[in-house]
Structure formats: structure tokens, C-alpha cells
Trainee: 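Mind having a look at this structure? Questions to follow.
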Amino acid sequence: MKNEEVAAIFESIAQLLEIKGEVIYKTLSYHRAAESIRALGRDLNDVRQEEGLQSIPGVGAAIAAKIEELLDTGSLDFYNRLLEEVPAGLLDVIAVRDVGAKSAARFWKELGVTNLDELEQAAGAGRIRAMPGMGERTETRLLENIAEHRRLATGRMLLDEADRAAQEVLAFVREIPGVEHADIAGSLRRRRETIGDLDIVASAEDPAAALQVFIQSPKILKVLSSGESKASVILPTGIRAQLWIYPIREFGSALQYTTGSQAHNVRLRELAQKQGLSLSEHGYKREDGSILSCASEEEVYRAVGLDWIPPELREDRGEFTQKLPVLISVEDLRADLHMHTTWSDGRNSLEEMADAALKAGLRVLAVTDHSRSLGVAGGLSIEQWGAQHAEVERLQVKLQGRLRILHGAEVEILPDGSLDFPGDVLARMDVVIASLHAGMHQPGDAATARILTALENPWIDILAHPTGRLLGRREGMQLDMEAIFRSAAQQRIALEINAHPERLDLNDILARRAVELGCLLAVNSDAHSQDQFSHLRYGTSVARRGWVTPAVVVNTWPDAELLTWLGRKHG
DNA sequence: GCCGTTTTCGGCCCGACTGTTTTCAGTCG
């Protein structure tokens, strides 16, 4: 059984227990265990054999025993019995906004509702408003929220879309009279790979007045809620956004609070509590009732004896207990080792791409069009690659050393694990990227074997978008990443963090694990047009979330070092 | 159910907003 399946079961257990009315801390334990398992980056079976399951944060004796039962039998008696007690359809009910475990339990016990359809029928028939403590408005809003839930079932944005939408809101907020600072917060500031809604935090002399201007603007489609300090709205694009406004002296604690993650904030507040401090978005309250306001985030962390923690690390994945790394930044990237031109499926010519790379601040660019078997993407024949090589040489002369161009290819890994070009062609390349675009539906062990065979090929430098996932569209292959990382580390092959916002592959968790196992990484744009070098910042944010330092990322290295690494194979 | 630079038992983050009530529970982030 896969980690993700185990985590999903614990998540369901947490919710079912909450509906059942179990003490909240027990449900929290299952929730935390699920999060820890998701962040593990390695197979539960390995952890069980090596350090033991209880080495996982939030996993004690009881949950460890349940994990073992799941791993051994593929099923969990405790969970099965829970499902007989509480209708599984209620899990969909509590996924609706403003419906939590308490309400779901009441709908179930008082109206016999066991799933979302039945809840919608009950609301439509006016049976909600008849319940004690519920009214007409509750019922109307419930119907709206159910409709919204059905519309947005897929509902998360990719990073680039979220960035664009957030910048628009931010610009608008900054123009509201009386607003001093405004910043992006929430999961977008933490650079999560997909974004549910936008969080903006601002400071103003008179927060309530500024909020009024915000919610009355024609740029807002609908106001979901609004008060003295926060408003939740829907933008004309259908995207949900929240704006918090605080006095300037509280801006630091407000930014820290609204950035999250929730798990990180809970840990930080627990830490504060042990020092006799109560932390909220307004600052610290001491035991004598006095207030310590924080205008900057640094002050928030310093007050409890911590260094400022970069937002990308705020996921309760060790940032309070482990030494913080010096994270990679996008300015560290000197080279881009994966891109395409009109020779295969790119939209711009080689020269246009080179110009764009220069404008993006790059010093080294690897030209890596597809290989011959990828017909749909205009893969190059051996002869075409040779012709392209002549063009690369001409362009290199023309560029007069302003940009160093390496010539390689993104070479298909064929079904038997061999590469799409023979060794004598690969030997002529400056850089060889191996990747897989076809036959991704084969079982995980077969796909793993195929990649492991490919990694034995003496010419490979980089394994591109290793899992093949497409966010929101396709799950990655179920590979044995541990085996792939070990092989790549041994061969000094770099694993790619593909920076396309739809790929981000490796993800943060896998990137962190790869580095732990001694792998090199490459953050590449995979640009198919001249505007896509800007994607490098998305790849960088994945690396940052994976605790990655520049030292292990080959395209941050000085030319000499990079060429030495490439030259180990290509002479 | 987990966990320990005050604890192996007794704790477990904190406040804003809503809707329905007259003081609060539920939900959310």
C-alpha cells in the first residue's frame, strides 16, 4: 500500500471520528499523522524496517500498529468498523464550505442525511430551517455552498495563474486610500505547487474603512463575509480571495499569521506558550496581560528565540527543530539545461530562444530538442540533430561568448530502457537529458525497471521530469523513487526539478529526499517559448520548499565546474 | 492519540465572522 493511500485513510478516520463526536485531540492526532506520512518522501515499508514507524513525528504506538496492519493486509479493521458506524457520504458533506463535523452530525442524526445529494434535497425541501438553531439564511447559504462545491470540485490553480491573479488584487489593494503596506500571504507566499484561494494582508490606519472600499469595489463579484479586519470575496474570475487589514504596528504578526501554514502556526504558538507568551495575529500577549506588537516577521520569530523562517519552509516539516539551510534562489541559476526550439515542438527559433535566455539573465543554455521517436513533438532524426549542431555553432560565434550554448537533446527512454539515439550520437552531445513521454501507463515496477535500465546508459546527464505527472491532469508513474535516487546518486546523474508550473516534477518532498540520498539536481525551465524562462522561479520555489541549497544544483555552478561535470561523460 | 529543557499524566493555538440567539456555537484560516 502506498503512503498516499495510508495518509488518505488516516485523513478519513480523523473526519469520521470528528463527526462521531470523538474528542478533538484524537482527531487531530490522525490528521497530523496523515500529514507526516505525506511529507515523508520515502516508502513506509522502508521506514518501518530501518528506523521504525514511531520515528515518524506524530506516530505513536496506536497509529504505528494501524499502519502495520494496512501495510500487511491492505485493510484496517478499525477503519472498516468506523465506516459501518458513520456514513462515508458525510465526508463529502463536510467538504462543503461552512459545513463542519458538528453540523454534518446533526443533519445525519436529525434528518437522516447520509450524503451530499440527500443534504441538498433536505435543504431544497426547507427541512434545514426547521431545525433548532438553524434559519432561513443558513439554509440558503447551504444551498449556495453545495452548488459552489459541485462547480469547484477540481478547484486548485497552478502557480502561474495564482501569481497573475494575486498581483492584480495586490495592485488594487495598494491603491486603496489609507493602505500603507500590502503583501501576498497564504499558500501562494509559501509557494505551494497549487493554490486554492488568494490571501492578501495589508496595513492601514483605519482598517475597517479600507475594507469598506475593498468590498464595494466593482472588481469584486461577491462578498462572502466581511468585518472590521477581514473580508472574504469572490473575484470576477471565480477565484476566491481574502483580505486582512491590520494597524501598521501589527503587520509582522499579521503577515506571519496569514502566511501559515496552519500546522506551522500551531507549532509556533505551542512554542510561545511554553515561554509564557500567547501568540495571535495581533502579536504576543504576556502573562501579565501586556501586549508585544510585531511590525515585522523577524520580531515574531525573534521573540521566541528563533531566526526568521523562509515562508517556503513553514510546513511543520522540521523547521523548528533542524538547522535551517541557506536556500537556493532564482538568481543562483546561471544555466538552463532543458529547452526546446522550432526544430521540434518549441514556438521560437534557436536564436530567439538564445536572446530570451540572455534577457532572463542566463549565461549558459542547453539546446535540447526532442529525439526521433517522439513524432508528435517533432522529434529530431540523427541527421536533423547534426544539422542543428551546425546552426548551434554558427550562433555560438555570433553571440561572442555572451551566452554559452551547449548542444544536446531530450532523448526518449524506449520501452526496453534503451535510449532513442545510439551511443556514438550521444557521445557527440554536450548534455544528454533522458525522459519518458510514452507508455506511462505501465505498472510501477515495470516503469521503474525501464528507468533504472536507462540510468545505466553511460551518456545520461539528467533525468527530466522523473515521475511524469501533470498537475490536475495526470498522476505520476508509481515509481520506486528510492531505487532511482540511489542509482542516480551513484552515476552522478542529476534529477530534474522541471519548472513548468504544470509539472513541478520532482516535487518538494521528493527533491528533499533525493538530496538526502546524495543526488544532484537540475532546475530547468523546459521552455517551449521565449517567455517561459520565467518559469525558472517556479522550479526554484519547489527546490526551496525541498530545503535545497545551491551547492547540489548543477545549474548554479560556475561554468568550469558545470563543464567538468558534463565532461566526465562527454570528454 | 501523541508527547515531554517544568510533565510518562494532563495537557493539547487563537481570534474573526456568521447566524441565531440574548450569550454562544460552529466554522474557518
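When reading the values below, keep in mind they use all heavy atoms of this one structure, side chains included, and skip hydrogens, waters and symmetry mates. Chain naming here is simple, since letters A, B, ... match the order of the sequence lines and numbering starts at 1 in each.
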Trainee: Looking at A/Leu44, is its backbone amide N or carbonyl O close enough to the side chain of A/Asn3 to form a donor-acceptor pair, meaning the two atoms are under 3.5 Å apart?
Mentor: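 Indeed, once roles are kept as given, a pair shorter than 3.5 Å links the two residues.
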Trainee: Please work out if A/Gly135 contacts a base, only the sugar-phosphate, or nothing of the nucleic acid, heavy-atom cut-off 4.0 Å.
Mentor: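 Sugar-phosphate: the residue A/Gly135, judged by heavy atoms under 4.0 Å, touches backbone atoms but no base.
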Trainee: When the C1' atoms of B/dC28 and B/dC13 are considered, how many whole Å apart are they?
Mentor: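 My reading of the C1' atoms in B/dC28 and B/dC13 gives 14 Å.
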Trainee: Quickly work out the A/Tyr246 OH to B/dG15 P distance and round it to whole Å.
Mentor: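 Computing the A/Tyr246:OH to B/dG15:P distance gives 11 Å.
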Trainee: Compare the minimum distances between each of B/dT18, B/dG1, B/dG15 and the side chain of A/Ser280, then state the nucleotide with the smallest one.
Mentor: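 Of the options given, the side chain of A/Ser280 lies nearest B/dG15.
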Trainee: Quick check: does any side chain N or O of A/Tyr538 sit under 3.5 Å from a backbone N or O of A/Glu193, one acting as donor and the other as acceptor?
Mentor: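 Checked: no pair found.
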Trainee: With sugar-phosphate meaning primed atoms plus P, OP1 and OP2, does A/Val23 contact a base, only sugar-phosphate, or nothing at under 4.0 Å between heavy atoms?
Mentor: nothing
Trainee: Answer yes or no: is there a side-chain heavy-atom contact under 4.5 Å between A/Ile245 and A/Ile176?
Mentor: no
Trainee: Provide the distance between the two C1' atoms, one in B/dG15 and one in B/dC9, to the nearest whole Å.
Mentor: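 Here B/dG15 and B/dC9 have their C1' atoms 29 Å from each other.
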Trainee: Taking the side chain of A/Ser229 as its heavy atoms from C-beta onward, which of B/dG1, B/dC17, B/dT27 lies nearest to it?
Mentor: B/dC17
Trainee: From the list B/dT27, B/dC13, B/dT20, which nucleotide is the closest neighbour of the side chain of A/Arg137?
Mentor: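 Selected nucleotide: B/dT20.
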Trainee: Counting heavy atoms from C-beta on, name the nucleotide in B/dG19, B/dC12, B/dT27 closest to the side chain of A/Arg141.
Mentor: B/dG19
Trainee: With a 4.0 Å cut-off on heavy atoms, is A/Glu270 in touch with a base, just the backbone sugar-phosphate, or nothing at all?
Mentor: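 Sugar-phosphate contact only.
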Trainee: Look at all strands and tell whether A/Val223 reaches a base, only sugar-phosphate, or nothing, counting heavy atoms closer than 4.0 Å.
Mentor: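 A/Val223: no heavy atom of the nucleic acid under 4.0 Å.
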Trainee: Provide the Watson-Crick or G-U wobble partner of B/dA16, both distances under 3.5 Å; none if there is no partner.
Mentor: B/dT27
Trainee: Rounded to the nearest Å, what distance is computed from the CG atom of residue A/Leu211 to the P atom of nucleotide B/dC17?
Mentor: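 So the CG-P distance, A/Leu211 to B/dC17, works out to 8 Å.
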Trainee: What integer distance in Å separates A/Glu18:CD from B/dG26:P?
Mentor: 11 Å
Trainee: Between the base of B/dG29 and the side chain of A/Tyr257, is there a donor and acceptor pair under 3.5 angstrom?
Mentor: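 Present.
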Trainee: Please state how far atom CD1 in A/Ile291 lies from atom P in B/dC14, giving the value in whole angstrom units.
Mentor: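 It works out to 12 Å between those atoms.
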Trainee: Mind calculating the distance between CD (A/Glu35) and P (B/dG1) to the nearest angstrom?
Mentor: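 After rounding, the gap between these two atoms is 19 Å.
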Trainee: Compare the minimum distances between each of B/dG1, B/dG15, B/dC13 and the side chain of A/Gln273, then state the nucleotide with the smallest one.
Mentor: B/dC13
Trainee: Please report the distance, rounded to the nearest Å, between CD1 in A/Ile56 and C1' in B/dC2.
Mentor: 14 Å
Trainee: Out of B/dG26, B/dC17, B/dC2, which nucleotide sits closest to the side chain of A/Glu228?
Mentor: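 Between B/dG26, B/dC17, B/dC2, the one nearest the side chain of A/Glu228 would be B/dC17.
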Trainee: Picking from B/dG26, B/dC13, B/dC2, which would you name as closest to the side chain of A/Ala62?
Mentor: B/dC2
Trainee: Separation of A/Leu224 atom CG from B/dC28 atom C1', in whole Å?
Mentor: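 Going from CG in A/Leu224 over to C1' in B/dC28 covers 12 Å.
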Trainee: Look at the side chain of A/Val266 and decide which nucleotide, out of B/dA16, B/dG26, B/dC13, has an atom nearest to it.
Mentor: B/dC13
Trainee: Base, sugar-phosphate alone, or nothing: which one does A/Tyr30 contact when heavy atoms must sit under 4.0 Å apart?
Mentor: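 Sugar-phosphate only.
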Trainee: Classify the nucleic acid contact of A/Ser232 as base, sugar-phosphate or nothing, counting any heavy atom under 4.0 Å across all strands shown.
Mentor: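 Nothing: the residue A/Ser232, judged by heavy atoms under 4.0 Å, touches no strand.
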Trainee: Please work out which of the three classes, parallel, tilted or perpendicular, describes the rings of A/Tyr30 and A/Phe10, given edges at 30° and 60°.
Mentor: tilted
Trainee: Classify the nucleic acid contact of A/Ala101 as base, sugar-phosphate or nothing, counting any heavy atom under 4.0 Å across all strands shown.
Mentor: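 It contacts sugar-phosphate atoms only.
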Trainee: In whole Å, measure the gap between the C1' atoms of B/dG11 and B/dT6 for me.
Mentor: 13 Å
Trainee: Taking only the C1' atom of each, what is the distance from B/dT7 to B/dC12 in whole angstrom?
Mentor: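 Rounded to whole Å, the distance is 13 Å.
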Trainee: Fit a plane to each ring of A/Tyr257 and A/Trp244, take the angle between them on a 0 to 90° scale, and name the class: parallel (under 30°), tilted (30 to 60°) or perpendicular (over 60°).
Mentor: perpendicular
Trainee: Would you call A/Arg38-A/Glu35 a salt bridge at under 4.0 Å N-O?
Mentor: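 Between A/Glu35 and A/Arg38 there is a salt bridge, with a charged N closer than 4.0 Å to a carboxylate O.
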Trainee: If you take all heavy atoms of A/Ala162 and A/Leu198, which pair is closest and at what distance?
Mentor: O-CD2, 3.9 Å
Trainee: So A/Ser226, base contact, sugar-phosphate only, or nothing? Heavy-atom distance under 4.0 Å.
Mentor: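 A/Ser226: backbone/sugar contact only, no base atoms under 4.0 Å.
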Trainee: Which nucleotide sits closest to the side chain of A/Arg269: B/dC14, B/dG1, B/dG29?
Mentor: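 Looking only at side-chain atoms, A/Arg269 lies closest to B/dC14.
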Trainee: Where the side chain of A/Ser225 is defined as all heavy atoms beyond and including C-beta, which of B/dC13, B/dG15, B/dC17 is the nearest nucleotide?
Mentor: B/dC17
Trainee: Base, sugar-phosphate or nothing for A/Leu268? Non-hydrogen atoms, less than 4.0 Å.
Mentor: nothing
Trainee: Identify whether any heavy atom of A/Arg267 sits under 4.0 Å from a base atom; if not, whether one sits that close to sugar-phosphate; answer base, sugar-phosphate or nothing.
Mentor: nothing
